[in-house]
Amino acid sequence: MATIKFVNENTEIVVADGANLRFKALENRIDLYTLSGKMMNCGGYGQCGTCIVDVVAGAENLSPRTAVEERKLKKWPVSCRLACQTLVNGPVTVVTKPKRSK
C-alpha cells in the first residue's frame with residue numbers, strides 16, 4: 001500500500017501500489033484543477049497539461065516521467081508531474097495547483 005499526502009489540503013490517502021494519482025485524487029475530492037482546467041481538462045489522457053502537481057517528497061516512489069510529460073512540462077521544474085500520467089508505488093507528498101516559477 002502507498003500513501004499520498006496532499007499538502008495544500010492537509011489530507012493523506014492510502015492507495016494500492018500502482019494507483020493513478022489523478023484518479024485517486026479526484027476519487028477523494030482533491031481538486032487538482034484551476035478554473036480553466038476545470039472547464040477544459042482532457043479527462044486524464046495527458047493532452048491538456050492541467051493536472052500538474054509538484055512532488056515535494058517521495059519522487060522515487062512514482063513511475064518515470066512519460067514522453068507526454070516531457071513535452072507538456074518543459075517550462076516547469078523537474079519536480080512537477082501530470083497527475084494523470086503518474087502511478088504511485090510508495091509514500092509521496094504533493095502540492096496541487098503549483099505556481100510556475102519564471
Side-chain angles (χ1 to χ4, degrees):
M1 297 302 273
T3 58
I4 307 169
K5 182 177 182 182
F6 296 93
V7 175
N8 294 343
E9 295 78 7
N10 196 28
T11 301
E12 188 169 326
I13 60 174
V14 177
V15 301
D17 286 343
N20 178 275
L21 181 56
R22 176 188 177 274
F23 180 78
K24 289 300 176 182
L26 296 178
E27 185 178 76
N28 286 276
R29 298 176 189 246
I30 303 295
D31 187 12
L32 296 175
Y33 299 106
T34 59
L35 180 61
S36 61
K38 288 176 189 171
M39 296 168 44
M40 301 183 308
N41 75 74
C42 66
Y45 294 102
Q47 302 303 307
C48 66
T50 59
C51 62
I52 298 171
V53 296
D54 190 7
V55 180
V56 295
E60 67 278 4
N61 296 321
L62 299 175
S63 57
R65 262 190 178 198
T66 64
V68 168
E69 287 179 283
E70 293 298 339
R71 282 193 314 276
K72 294 285 183 185
L73 299 174
K74 282 182 183 175
K75 297 181 180 179
W76 288 84
V78 70
S79 61
C80 289
R81 298 291 306 267
L82 293 180
C84 67
Q85 300 292 298
T86 306
L87 303 180
V88 181
N89 296 305
V92 64
T93 303
V94 300
V95 173
T96 56
K97 303 178 199 169
K99 302 287 185 228
R100 180 171 25 195
S101 57
K102 296 189 180 196

Tell me, with the steps shown, if Ile13 and Phe6 meet side-chain contact (heavy atoms from CB on, under 4.5 Å). CA-CA 8 Å; Ile13 60 174; Phe6 296 93; 3.8 Å; yes
Residue pairs involving residues 3-13 (criterion salt bridge (charged side-chain N to carboxylate O under 4.0 Å, His left out); sequence neighbours excluded): none
Kindly list each side-chain donor-acceptor pair under 3.5 angstrom involving residues 42-53, sequence neighbours excluded, with atom names and distances?
| residue | atom | partner | partner atom | Å |
| --- | --- | --- | --- | --- |
| Gln47 | NE2 | Tyr45 | O | 3.2 |

Val7: side-chain contact (heavy atoms from CB on, under 4.5 Å) partners, not counting sequence neighbours: Val56, Thr93, Val95
Partner residues of Glu70 under the salt bridge (Lys or Arg N to Asp or Glu O under 4.0 Å) criterion, sequence neighbours left out: Arg65
Report, one line per pair, each donor and acceptor closer than 3.5 Å where one atom sits in a side chain of residues 25-32; sequence neighbours left out.
| residue | atom | partner | partner atom | Å |
| --- | --- | --- | --- | --- |
| Glu27 | OE1 | Lys24 | NZ | 2.9 |
| Asn28 | ND2 | Lys24 | O | 2.8 |
| Asp31 | OD1 | Tyr33 | N | 3.2 |
| Asp31 | OD2 | Lys38 | NZ | 3.0 |
| Asp31 | OD2 | Lys97 | NZ | 3.2 |

Is there a side-chain contact between Leu62 and Asn89 (heavy atoms, below 4.5 Å)? no
Using a 4.5 Å cut-off on heavy atoms from C-beta on, say whether the side chain of Asp17 contacts that of Val88. no
Might you point out which heavy atoms bring Met1 and Ala16 nearest each other, and give the distance in Å? SD-CA, 4.0 Å
Output the distance between atom NZ (Lys99) and atom CG (Asp54), rounded to the nearest 0.5 Å. 12.5 Å
Strictly distance-based, threshold 3.5 Å: is any side-chain N or O of Asn61 a donor or acceptor partner for the main-chain N or O of Val92? no
Would you list the pairs meeting salt bridge (charged side-chain N to carboxylate O under 4.0 Å, His left out) in which at least one residue belongs to residues 80-94, sequence neighbours left out? Glu69-Arg81
Gap separating the CG atom of Leu21 from the CG atom of Leu82, nearest 0.5 angstrom: 10.0 Å
